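Beneath this line is the structure, given in structure tokens, with notes to follow.
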Amino acid sequence: MRIRIRKVAVILSTVIVATWIYQSHLPPSPRLCGFPGGPRITAPRVKLRDGRYLAYKEIGVPRENAKHKIIFVHGFGNARHDVVIAYRLPQKFFEELGVCIISFDRPGYGESDPDPNRTLKSMTRDIEDLADQLKLGDKFYLAGFSMGGQTVWGSLKYIPHRLAGAVLIAPVVNYWWDGFPANLSEEAFHKQFPEDKWAQRVVHYIPWLTYWWNTQKFFPGSSVAAGRAALSAEDYRLLSTVPYIAEHRAQVIQQGQYESLHRDMIIGFGKWEFSPMELSNPIPDKHKAVHIWQGDDDALVPVTLQRYIAQKLDWIQYHEIPGAGHMFSLANGMPEAIIRSLLHATTS
């Protein structure tokens, strides 16, 4: 009888400890926009097929009059206001080319509802729904910056028939993608800060631990999530030229870190459903309609891996900027060059 009671006590203790550990790792519920206790809604939003809402903004000519519609996908820790391809572009540029840029808050960011079931494929459905709700037509252009590149790669895989062209600007690379030579990906991986290597291992192998890992105080989590990203002096100089709007910054993760930053990490560095290097030309009726722009001094995205991707995929037009870091798209002339190359390549 004593042995039986002891066994029961051990089992109960184990269950209690396991439950406590599991619950301590759970992220808090998001503060949903428009709900009691949540942030207010200030942006126009479209309703998606699953009932969620995406917030968006338009830049350039009215979309009803636009010749070219570009959907822009923001990066990690950004929101719909952070449109790097439109920075400092005058209205007359948009009027000259007939361009309208639609930038939206990705799920969980800004004023867009979180998507607890977010995947690479679900994000492409969001893109399609946004385009259809705004009547952008059968085809549109897609541009993604940094972590926004995951959505562009997903769209090239799942909805290539909707794309007139696409551009990836300093797109984040997943070190576990199939197709990289092991020595090349390992060398690039180990050039990161130690805390970033550990954070990426966690989201890749034990994603359910992501929230705890990046919020506990025993050792540092992701430097990028904590706002300590490895940026170059030129990156910081370029960022200093961007007007700081407190209201916009406050909106980025107002619904919570997990459904924005951490969910991004889980998808970006998790186990992908495909490798970009397995893709065949997604827009075969156009000449090099997909572009990658990359700085060769980018401390966040290894140029060696970007070069390898471009070499493997001969249907990509690769643009490498000497001496440039991660934020080169903010430099004078870069937004115009990126947009002009995108539109020219798909109409040549």
Side-chain angles (χ1 to χ4, degrees), residues 45-56 58 63 66-75 80 83 85 99-109 112-113 115 117-169 171-174 177-178 263-264 267-268 270-292 309 312-313 315-317 338-339 342-343 345-347:
R45 308 201 303 174
V46 297
K47 188 174 183 179
L48 306 176
R49 67 186 77 179
D50 63 1
R52 290 181 296 112
Y53 286 86
L54 281 188
Y56 70 94
E58 297 181 39
R63 66 178 185 275
K67 180 180 178 182
H68 305 294
K69 292 103 171 178
I70 303 173
I71 294 179
F72 177 77
V73 190
H74 66 75
R80 67 186 184 278
V83 189
I85 61 170
V99 169
C100 175
I101 298 176
I102 297 93
S103 177
F104 68 100
D105 291 330
R106 290 193 285 118
Y109 280 101
S112 287
D113 292 339
D115 182 1
N117 302 311
R118 177 154 50 122
T119 63
L120 284 167
K121 195 168 188 176
S122 75
M123 291 191 294
T124 68
R125 289 195 295 267
D126 290 355
I127 292 287
E128 274 200 295
D129 284 357
L130 177 66
D132 292 341
Q133 291 287 342
L134 297 181
K135 296 180 171 55
L136 300 188
D138 293 335
K139 294 199 174 190
F140 48 85
Y141 300 90
L142 190 61
F145 169 65
S146 192
M147 193 66 92
Q150 60 182 239
T151 302
V152 179
W153 284 123
S155 299
L156 291 170
K157 167 71 173 177
Y158 296 116
I159 58 167
H161 58 287
R162 298 300 304 271
L163 303 181
V167 58
L168 301 101
I169 305 154
V172 171
V173 171
N174 185 317
W177 281 341
D178 290 337
R263 186 78 68 181
D264 250 9
I267 294 178
K271 296 177 181 178
W272 278 41
E273 303 146 11
F274 68 95
S275 168
M277 284 168 282
E278 299 168 353
L279 297 178
S280 55
N281 189 353
I283 312 175
D285 58 330
K286 303 289 185 179
H287 177 65
K288 297 217 172 185
V290 182
H291 298 248
I292 291 179
I309 293 170
K312 289 281 288 185
L313 305 178
W315 42 269
I316 282 181
Q317 180 69 45
I338 291 170
I339 291 177
L342 173 64
L343 301 184
T346 58
T347 55

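Because the structure is a prediction, the values reported are computed rather than measured.
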More than 12 foreign heavy atoms under 6.0 Å from [atom1] of [X]: is that the case here?
X      : atom1 : answer
Tyr53  : OH    : no
Asp285 : CG    : yes
Lys47  : NZ    : no

So how far is it from [X] [atom1] to [Y] [atom2], rounded to the nearest 0.5 Å?
X      : Y      : atom1 : atom2 : answer
Asp115 : Leu48  : CG    : CG    : 8.5 Å
Leu142 : Ile127 : CG    : CD1   : 5.0 Å
Ile159 : Lys121 : CD1   : NZ    : 11.5 Å
Lys271 : Asn174 : NZ    : CG    : 11.5 Å
Asp129 : Arg125 : CG    : CZ    : 8.5 Å
Leu54  : Asp113 : CG    : CG    : 8.0 Å

Asp126/Arg106 salt bridge by N-O under 4.0 Å criterion
no
Indicate yes or no: does Arg45 engage Asp105 in a salt bridge with an N to O separation below 4.0 Å.
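No, Arg45 and Asp105 are not salt-bridged.
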With a 3.5 Å distance limit and no angle check, can you tell me whether [X] reaches the backbone of [Y] through a side-chain donor-acceptor pair?
X      : Y      : result
Ser112 : Pro107 : no
Trp177 : Phe274 : no
Arg63  : Leu134 : yes
Asp178 : Ser275 : no

Which heavy-atom pair separates [X] from [Y] by the least distance, and what is that distance?
X      : Y      : value
Met123 : Thr151 : SD-OG1, 3.6 Å
Ala166 : Leu342 : N-CD1, 3.5 Å
Ala143 : Val152 : C-CG2, 4.0 Å
Phe104 : Val73  : CE2-CG2, 4.1 Å
Gly75  : Ser146 : CA-CB, 4.3 Å
Leu136 : Lys69  : O-CD, 3.7 Å

Any non-hydrogen side-chain atom of [X] less than 4.5 Å from a side-chain atom of [Y]?
X      : Y      : value
Tyr158 : Glu273 : yes
Met277 : Ile309 : yes
Trp315 : Leu279 : yes
Arg162 : Ser155 : no
Asp264 : Tyr109 : yes
Glu128 : Arg49  : yes
Ile339 : Tyr141 : no
Ile70  : Val167 : no

Intermediate values then yes/no, side chain to side chain contact (heavy atoms under 4.5 Å, CB included), Leu168 and Ile316
CA-CA 10 Å; Leu168 301 101; Ile316 282 181; 5.5 Å; no
Step-by-step side chain to side chain contact (heavy atoms under 4.5 Å, CB included) determination, Leu120 to Gln150
CA-CA 7 Å; Leu120 284 167; Gln150 60 182 239; 4.0 Å; yes
